Each structure stands twice: as C-alpha cells, then as structure tokens.
Amino acid sequence: MSGGPVFVTGAGRSGKTLLRWLLSSHPNLVVTRRAELWPRFAGRFGDLADDANFTRCLHEMLERRQVAWLGPDRQELRRAFVAGAPTDARLFDLVHRQHAARNQKARWGDQSAAYERCADELLGAFPDATVIHMMRDPRDRHVAVGDQRRARPGDVGRTTADWIRSAVRARHHADRWAESYVIVRYEDLVLRPDAIVRDLCRVIGEPYVPELLRMESTRRYDAYRAESPCPLSSEFVGLHRAQLPAHDLAFIQTVAGEEMAALGYEVEPVRLDRGARVRLAIHLPANAVRLGVSRSTSSVSDRETVA
C-alpha cells in the first residue's frame, strides 16, 4: 500500500484538472496544480547540504507563484531539512507535506503535464509515488484545445504531435513502472466513474470513499450535486463527430492511428469529398511541419475513405 505522493500528468485538455479535483476530495489527499518542484528545481543547486545552496534553492522555489501559494514556512523547512538527508526529493516532500498538513491531509500530490517528461527520474527519486497519466481521444482533444485559442495554420499537426508524444510516453512508462505508472482514459473516467475511481483508490493505496465521486471539495460542482450525486458528465465525449472537419479527422486518424489503436480508440470511417480533399492538401504542408515527423502524409489526400 503506497503512502507516497500522487502525480497527475498528461497532455493539455486531457482531464488532468478533473482528476485533481476528484482526488483532492479524498480525506487523505490534496493534489496541487503545477508546483512542479521536481522538473523545475531538481539538481539545479548542487549539494543541498551546503547552506548557501539550500538557501538559493529555497529562494528560487518561493519565487514561483504556484509554490508560494502553498505557503511554506521557511524556518520550519530549514529545521526539518537539516535533520535528515539533504536531497532534492526530501526538500520537495517537506514543502508539500507542510501544505497537506495545513489542509488536514496526510498525503500530497501535484498535477502537471511536465511529469510525463521526467517520469523515470521522478519515480527513481520517489519510489513510493504513483503517477496517473490522463489520455483523451486525440480528435476530441483537438476540438477542446481549439476552443481555448484562435485557429492558426498547422494547429491539427501540433495537437496531433503533442498527443502522439504523450501516448508514447504513457505506454513506455506504464511498461517500465507497472506498479507505479497508471494510464487512465478520460472517456473511461466520465463513463464509468465508480469502477475507475475504485481502481485508482486501490492503486494509490487509499480506501474508497463516496466523497470522491461527489467531488465535495470543488465548489464549482455545488449546483450539479443538487441534481446528481456525481457531477462527472459524458457530454464532452465524442465532440469531434459534430465539430471536427473531415479533412482534419482524416489527418489525425492517419497519423495517430497506430497509437490510437494501442490505447483503445477506434478509427472511424471518414469520406472526403472534393472540397475536403482540397482543404486537406492546402493544410497538409503546415500540419506536416508542426507534426515534426518524417512519415509521409501526402497519401491521405488520395483516399476516398479513411478507416
């Protein structure tokens, strides 16, 4: 039964925030957002047994808004730190434990896309940690990312590349750290919340409690709880069917199809009429550049149906 930290990671718009709110509803766990102590500060200041190095590290950490928000007590951190091993991981643990204690929680976690890029080092430093990697259908994720920003040339290439990198990392880390690295699909979480949350509790070594599905620590769901005991909704699953143009759908499925299949996302038939073929050809150079891969995508425009 693990008692270590819980890290939530994955590409943007994949459900990380939703999972953070859910996990923080557990009476034993609080998950913060983008403190990112390990990816930003580990190894930057040399031997922390040297007081000057420790002081510089602590100062730089507290300059980060997300860390200052945790409200660490400098003097208490210093007293606690000198009483044990002078390692980066132990310092970061102390900072988060202070915050957890103020919230009357026994365990801590943090949410950030950065953790999927340094999972090997992170789990080596925190051997009792759990990393939960959120994945989402790349077609729906592209639509969700587009809702946040103005459209630019090559957007579908960029979002597809981000998704493929995240998917490859997820499967690599899950294979290497089978007991500590867990992949959770957004669709499964919102469609089968009870089963997925119970399984997550087992993985992180905490008892299942009903407060998790009610997400009582998140005020934004107060109105939803008046109508349903679980505010999780499946309304954002399958967004692409109504909002994603055929030429973008064809591009994503052709380029990301292998990783989609590995994660259980089915490729859907898409018919390209003459207009869609023209738009695919027009956008292909910019998308290919943003995709940043060597594989050829020009054959997509020659297909009547991509399945």
Side-chain angles (χ1 to χ4, degrees), residues 1-40 64-73 92-116 119 122-123 126 128-136 180-186 188-190 192-226 228-233 236:
M1 299 278 282
S2 170
V6 178
F7 299 99
V8 178
T9 193
R13 307 297 288 172
S14 294
K16 299 189 302 298
T17 297
L18 183 66
L19 184 61
R20 170 170 60 87
W21 289 336
L22 191 152
L23 292 175
S24 291
S25 296
H26 198 288
N28 293 338
L29 178 64
V30 59
V31 181
T32 55
R33 180 178 181 269
R34 293 182 61 191
E36 299 176 352
L37 294 180
W38 181 264
R40 288 182 177 271
R64 179 165 172 76
R65 176 172 54 86
Q66 291 88 341
V67 180
W69 180 84
L70 302 180
D73 183 322
F92 304 156
D93 181 65
L94 288 171
V95 172
H96 278 288
R97 283 189 181 276
Q98 275 194 2
H99 175 71
R102 279 192 290 274
N103 285 271
Q104 299 180 315
K105 301 292 185 81
R107 293 176 66 182
W108 63 271
D110 192 45
Q111 168 211 329
S112 172
Y115 294 124
E116 70 174 57
L122 187 70
L123 288 170
F126 295 97
D128 57 349
T130 303
V131 180
I132 304 173
H133 191 132
M134 292 297 298
M135 293 299 306
R136 186 179 184 182
S180 305
Y181 202 98
V182 182
I183 301 172
V184 174
R185 301 195 322 168
Y186 168 82
D188 295 332
L189 179 61
V190 298
R192 300 187 294 113
D194 186 75
I196 298 301
V197 171
R198 287 179 183 275
D199 194 50
L200 284 176
C201 286
R202 178 190 60 77
V203 169
I204 67 175
E206 292 289 349
Y208 170 82
V209 291
E211 292 92 326
L212 287 167
L213 289 183
R214 292 201 296 266
M215 298 174 70
E216 293 180 347
S217 67
T218 307
R219 299 279 71 84
R220 69 177 291 169
Y221 289 120
D222 287 349
Y224 292 93
R225 277 188 294 272
S228 171
C230 177
L232 294 177
S233 171
F236 301 110

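Everything quoted here is computed from the prediction, not taken from an experiment.
- Closest approach of N28 to P207, counting heavy atoms only: ND2-CD, 4.4 Å.
- The aromatic rings of H99 and W69 sit tilted, their planes meeting at an angle between 30° and 60°.
- Residues that satisfy the side-chain hydrogen bond (donor to acceptor under 3.5 Å, both in side chains) test with T32, not counting sequence neighbours, are D110.
- The shortest heavy-atom contact between A35 and H96 is CB-CE1, 3.8 Å.
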- Task: Walk me through it: do E36 and R64 pass the test side chain to side chain contact (heavy atoms under 4.5 Å, CB included)?
- Result: CA-CA 10 Å; E36 299 176 352; R64 179 165 172 76; 3.1 Å; yes
- Task: Kindly determine whether V190 and I196 satisfy side chain to side chain contact (heavy atoms under 4.5 Å, CB included), including the steps that lead there.
- Result: CA-CA 9 Å; V190 298; I196 298 301; over 6 Å; no
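- The side-chain hydrogen bond (donor to acceptor under 3.5 Å, both in side chains) check on S180 picks up nothing, with sequence neighbours excluded.
- When side chains are defined from C-beta on, H133 does not count as touching V182, because their heavy atoms never get closer than 4.5 Å.
- Considering OG of S112 and CZ of R34, their distance stands at 6.5 Å, rounded to 0.5 Å.
- More than 12 heavy atoms of other residues, nucleotides or ligands sit less than 6.0 Å from atom OH of Y208.
- To the nearest 0.5 Å, atoms CG (L22) and CG (L18) are separated by 6.5 Å.
- Atom OG1 in T9 sits 11.0 Å away from atom CD1 in I132 (nearest 0.5 Å).
- In terms of heavy-atom proximity, Q111 sits nearest to V31 at N-CG1, 4.0 Å.
- Side chain of K105 to backbone of R97: no donor-acceptor contact under 3.5 angstrom is found.
- At a threshold of 4.5 Å between non-hydrogen side-chain atoms, the residues K16 and R33 do not count as touching.
- Counting all heavy atoms, side chain and backbone alike, R102 lies closest to G71 at NH2-O, 2.7 Å.
- No side-chain heavy atom of E206 sits under 4.5 Å from any side-chain heavy atom of L200.
- One finds the CG atom of D188 at 11.5 Å from the CD1 atom of I183 (value rounded to the nearest 0.5 Å).
- With values rounded to the nearest 0.5 angstrom, S24 atom OG is found 6.0 Å from L29 atom CG.
- Looking at heavy atoms from C-beta onward, R136 lies out of side-chain contact with M134 at the 4.5 angstrom threshold.
- What you find for Y181 and A119 is that their closest heavy atoms are CE1-CB, 3.6 Å.
- Residues L37 and V67 have side chains in contact (heavy-atom distance under 4.5 Å, counting atoms from C-beta outward).
- In this structure the side chain of R198 reaches within 4.5 angstrom of the side chain of D194, judged on heavy atoms.
- Less than 6.0 angstrom separates the ring centroid of W108 from the ring centroid of F7.
- Atom CG of L70 is separated from atom CZ of R65 by 11.5 Å, given to the nearest 0.5 angstrom.
- Here the side chains of V184 and L19 are not in contact, with every heavy-atom distance at 4.5 Å or above.
- Between A113 and E116, the shortest heavy-atom contact is O-CG, 3.3 Å.
- Side chains of M215 and L232 form a contact here, defined as non-hydrogen atoms less than 4.5 Å apart.
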